[in-house]
Structure formats: structure tokens, C-alpha cells
Amino acid sequence: MRAISPLCFSVSAFRRLSSHAAARVDNHRQCITGPTNHTSHLHTEKTEPLISLIKSTSSKPHLLQIHAHLIRNSLFQHPVFFSPFLFGIALPPLHDLGYACRVFSKFSKPDVFQYSIMIRAYGMSDSPGNGFMLYQEMLRSGVSPNSLTSSFVTNCCIKSGSLFGGLQIHARILRDGHQSDGRLLTTLMDFYSSNEKYTQACKVFDEMPHRDTIAWNVLISVYMRNQRTRDALAVFDMMQSSYDSQPDNVTCLMLLQACANLNALAFGERVHRYCEEHGFDKAMNICNALITMYSRCGCLEKAFEVFKGMTEKDVVSWTAMISGLASNGYGRDAIEAFREMQRAGVSPDDQTFTGVLSACSHSGLLDEGRMFFNSMSKEFGISPNIHHYGCVVDLMGRAGMVDEAYNLINSMKVKPDATIWRTLLGACRIHHQADLGVQVIERLIELKAQEAGDYVLLLNIYSSLGDWGKVINVRKMMKDRGIKTNPACSTIEFRGKIHEFVANDFSHPQKTEIYEMLDEINQQLRIAGYNAETVAELHNVGTEEKQIALSYHSEKLAIAFAVLSTPPGTSIRVAKDLRICVDCHNFAKILSAVYSREVVIRDRNRFHHFREGRCSCNDYW
DNA sequence: GTAGGGTTAG
């Protein structure tokens, strides 16, 4: 007996089925060309099997055969068959937009469903802008959009970055009275958020009649994109007290990221407990986010605990652990973890090498760093990217090889970015290389990327050389170019709230106590041998004035607040947006001994752990 | 007589 392929079987099956339907349609030729509201003439019991055959196929050749048969039997133009056919060919998994366009253009009078499918298909393609054009064509031909059409076309505007299109759609949504559709409004929030119209995005949220978990999650992502990370955390409480929606795994994932950014350890632990209570802590992505959160909060023990507890570890888990060890100053352990990862049979990728190389640069492991940099491409076939180069430049720069680092940047295959020049500028500052520093500033200017911080580094170089004439020049240059310095900001978490401190800040409600406490601490530290390190301070002023200027750096205010507010022995965790200065480093080191407090300061992505008068990093940079 | 929204874990 001859074997019949499943495809042949299906085709013969629908041939049988379609002959009944065809007989019906033939009697009503107007169905084919005219308005297509004659579905009732087709017997449901005859058409349904054929429709479900069209719907169930996910093979393109099969769908094309069905197409041919529909044409032969004059059934194709009937929406009963055309709609599911278009659906199958236009959307994934087949998603043949070219084919879908051709058949769509042959269709005499598409309805709102068919337009919607095509708009959705455009939204998923490389030409989302065409989705909006089709939407306009649809309006011109008198077909009214429903809330799904609006949702699809809004998505097209998000993808194509069309602000104007989205605004038009929003106006139409209001006109048509679709403003109570939660899903549509969620897409609209996403639209405003992706166009940086955060106020508008929040307004849409406020006006929603019901907010489900996804709507709340979009609100969190709005806050996070808008650098309002603290507000993102506040959403967690609001969700838990709302009666109709609770945080889910996506909420937790985003909040853990927010905690990592804010150094909000206590809040992160709360989210962790919530994950455990709801069984999210078994998921790999949550565990990986937890590792990062704990590492970025300087709490490596907890990060390692999560890591150890994972039944399965992927490259992301290993990389998170390696990077965590690296940024916390445990370079050798990071390298050991890398070897362990290979023994476990997990292949490293480019980000793993970023972690390994940063481990070398943070711990000053020059030879190891070079070795990994070379083996990365030779053994693992991973070509170096800007981050890898950045680590090596940092490594060489710190080791005093500033000229070699400069040559390496010039020899790179990738275009140097502002960050890599800034890294070199930092090295120039450490090794007092004023001439190269000036050259680097010029490169930053070429990139139109120079920031106040870059000029401050240059100022640091000149002032440490005692070249006050040049200091005045740079200050004048900054003034002429309109460069304004933003004061550094330190944050500290206390009882679930984030407290912000800016140098010489007088806005905190407990300011008087904080300043008094800082004076008291300074007196105690001086007894223990602390002397304000004034060499790096910018102004050409007397020593006493310098000491006053240094006294109220933001991290010192934060530390004074912690000493004031927490019981003796509690660890003090500070996050700072700029680099910690030599003096504050010294201050924290001596304080850790005098007050018997562990102090953890995170500046940018680097940690300084102070315990019993020692710091985890060898020198303060 | 169908169809939709959030996450890019390091």
C-alpha cells in the first residue's frame, strides 16, 4: 500500500470539504467581489472544518496549497476563509509579510479585522512605519478602528519612534471612547514612556479605571527609564495594598534591579522574602537578579548564598558572581570562580570576560589581565569589545603605563567612546600626567562628550602639581564653555527609606544633629591620627580653608547620619555617584577602627570595604 | 467571528 503523506491527506481532505462550501458560494457571486456580508449563505457545518484546517496549519507549503485551492474554488475572497488565511500567513510563526501584502492588496474590501492583522504584522516587521500608513488608509476608506487596531498601531508607532503618529492615535482613542480598555492604555503608557513623555505616561496610568499587575509593572518601568528609581520602589507597597493586583515575578525582577542601582539592601531583602513566599526564588532569572542585587549592595555573603543554592547555574549566574566578586575587590576569587565555571562545563561569553578583566583591573593583576585578554580571542573566539579594552586600559593606566594605554586605545578596531577616554584621564590623574590629560580632554571634546567631571579630573591633575596658573585657565575654560559642576550625591538606606546627601547640604530635617555629629567624629578621628588630606582639593587656598571645604563632603554627611541613627556596631553602607576622594577614604578607614563599624562605600561600580582601620582595596583608587 | 499589554537576569 502506498504511503500517503500527511500533507496529501490534508489537501484531499479540504478538497472534499471545500466542494460543499464552493457550491454555496457559487450561488452568490457577489460575495466574491462585493460587500462581504453574506456569510449566512454558507452552511456553518460545511465551512467550519475547512476553516479549522486553515487555522491549524503552521506549514507554509501547506498554506500555499490551501491558497491555490481556495482560488480554484472561488472561495478566496470570502472573508470566512480569507481572514484566517491572512492571519496564518501574516503573523508568526509564518510571518511572511510580502506574501500577506500581495494577497491583502488583491482583497476588494478589507474589514477592521483584516486591517488589524496587517497592522500587527507590520508592527512585528522591520517596517513598522507602514503599519501607521495602513491605519491612515483604513481611516480614509471609512473603516473604524477598534481598541485592538489602536493597540497594534500604537505598537507600530513605538517601534518606528513616531511621536506624532501616537499622539494622533491617542486623540482617536478618546474620540471613539476606547479609553476604558486597560490593555490598550498599557500600550499607550509604553508609547509615552518610550518617547520620554513620562508625565503623560503617568497621566494615562492615573486615568485607568482598573490597573492590573502588568499596568503597575509598566509604571515601574516608566519610573526606571525616567531615573525615578525611588518611586519605582514605592510602587511595591502600593501594589501590595491594592486589592486587585499583586506583584508578580516581573515586578520582582525590575525591583531587584532598582535595589541594585540604589544600594537598597533592606528593600532588596524584602523583595527576596516576597520571592520566597511566592515561589519566584526558584526561577533562574530571579536568582541571577538576586546575585547582582546583593553584590551591588556590597553584600557578597548573601550573593554567594543565593548562588550556592541554585540547582542549575547558567553563564549569567556565573558572570553575575564573577562580576560581584570583582567589583567588591576579590579579584583572585573572581578568577578562581572563572576556572570553576569552566570545570562545571559552562562556556564563558563576552560579558564573562568583562567580569574577569574587571576583576584583574580592580585588583591590579596586570599579568593575569593581559593573559585573559589574549586568551579571550585565541582560545574562546571572542573578539574584544569596548568594555574589554576599557578594563585593559584601566589596568595599564593604574599600573602607570599611561602611554601604552593611550597607544592601545589608538590601535583598537572599535571606535573609542567617552568612557574609555575618561578611564585614561583617571589614570593621568593618578600619575600626574598633565600633558596627556589635556590631549584626552581634547578627544572628549571631539566626541562632544566632555562633562564637568572630566574638567574636575584635569583640575585635580594641575592642582596636585601645584600649577595654579593652569587651574585658573581650566576654570576659565569651563566658564567659557558653560560647563557646570553638579555636586556629588551620597545615598544611604535607613528603615526602608533612601536618604540623600549633597556636599554642604542643609536640607535634611536632622541637619543640625548631623553637622554636630560630624564635628564630634572629626574630633575623635583627629585624636586617632586623622589629618585632612588636602593635596587633591581644587582651590588654591589656605590649609585651614581646605579642611573646612573637605569636612562636609556628601559621604561624610551620610556616614555622620548613619552613626547618629543606627545602634553601635551596625554596618554603614553608602552609595556615591562620583568617585570617593582620598580624604573621605582616609576618614572612613580610621572611622571603621575608632567607631568599630564596618563601612561599605560604593562609588560608581567599585566598592570600598572598611573594617578595623583597613580597606579591601590596597590603595584608595 | 477571530486578535492585544509588561521583563531583555550578568
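What you see below is based on every heavy atom in this structure, not just the backbone, and it leaves out hydrogens, waters and symmetry mates.
- Whole-Å rounding puts the L148(A) CG to dG1(B) P distance at 17 Å.
- For E196(A), the CD atom sits in a loose shell: 12 or fewer heavy atoms of surrounding residues, nucleotides or ligands are nearer than 6.0 Å.
- Residues N328(A) and H609(A) have side chains that bring a donor and an acceptor to within less than 3.5 angstrom of each other.
- In this structure, R225(A) is not positioned above the aromatic face of Y198(A) in the sense of NZ or CZ being under 6.0 Å from the six-membered ring centre and within 45° of the axis.
- No contact: S317(A) has no heavy atom under 4.0 Å from any strand.
- Residue contacts for N155(A): at a heavy-atom cut-off of 4.0 Å it reaches no nucleic acid atom on any strand shown.
- A donor N or O paired with an acceptor N or O is not found under 3.5 Å between the base of dG5(B) and the side-chain atoms of T187(A).
- Minimum atom distance to the side chain of L253(A) is reached by dT7(B), of the listed dG1(B), dT7(B), dG10(B).
- Among residues two or more places apart in sequence or in another chain, the side-chain contact (heavy atoms from CB on, under 4.5 Å) test is passed with D314(A) by M284(A), N288(A), V316(A), S317(A).
- No engagement by L91(A) is indicated, since no non-hydrogen atom pair under 4.0 Å with the nucleic acid exists.
- In this structure, D212(A) atom CG and dG5(B) atom P are separated by 12 Å, rounded to whole Å.
- With rounding to whole Å, M138(A) atom CE is found 13 Å from dA3(B) atom C1'.
- Closest approach to the V250(A) side chain among dG5(B), dT7(B), dA3(B) is made by dT7(B) (side chain taken as heavy atoms from C-beta onward).
- The structure places CG of L233(A) at 11.5 Å from OH of Y223(A), a figure rounded to the nearest 0.5 Å.
- To the nearest 0.5 angstrom, F372(A) atom CZ is 11.5 Å from L395(A) atom CG.
- Contacts of S147(A) with the nucleic acid, taken as non-hydrogen atoms under 4.0 Å apart, include base atoms.
- For T292(A), counting side-chain heavy atoms from C-beta on, the closest listed nucleotide (dG10(B), dG1(B), dA3(B)) is dG10(B).
- No contact: S323(A) has no heavy atom under 4.0 Å from any strand.
- Closest approach to the M254(A) side chain among dG10(B), dG4(B), dT7(B) is made by dT7(B) (side chain taken as heavy atoms from C-beta onward).
- Remark: P of dG5(B) and CE of M124(A) are 7 Å apart, rounded to the nearest angstrom.
- Sorted by first and then second residue, the pairs that involve residues 85-100 of chain A and meet side-chain hydrogen bond (donor to acceptor under 3.5 Å, both in side chains), not counting sequence neighbours, are K60(A)-D96(A), H67(A)-Y99(A).
- Among the heavy atoms of the strands lying under 4.0 Å from M284(A) is at least one base atom, whether or not backbone atoms are also near.
- Residue S83(A) is in base contact, counting any heavy-atom pair closer than 4.0 Å across all strands shown.
- Regarding I173(A), its CD1 atom lies at a distance of 17 Å from the P atom of dG4(B), rounded to whole Å.
- Across the protein-nucleic acid pair, L255(A) atom CG and dA9(B) atom C1' stand 14 Å apart, rounded to whole Å.
- Between V143(A) and P110(A) there is no side-chain heavy-atom pair separated by less than 4.5 Å.
- Non-hydrogen atoms lying under 4.0 Å from DNA chain B are contributed by D314(A), V315(A), all within residues 303-315 of chain A.
- The distance from atom CZ of R296(A) to atom C1' of dG10(B) is 11 Å, rounded to the nearest whole Å.
- One interatomic measurement links the two molecules: CG of D350(A) to P of dA9(B), which rounds to 13 Å at whole-angstrom precision.
- Phosphate proximity of dT8(B) to Q257(A): present, with a side-chain N or O under 4.0 Å from OP1 or OP2.
- Residue V316(A) has its side chain nearest to dG10(B) when only dG5(B), dT2(B), dG10(B) are considered.
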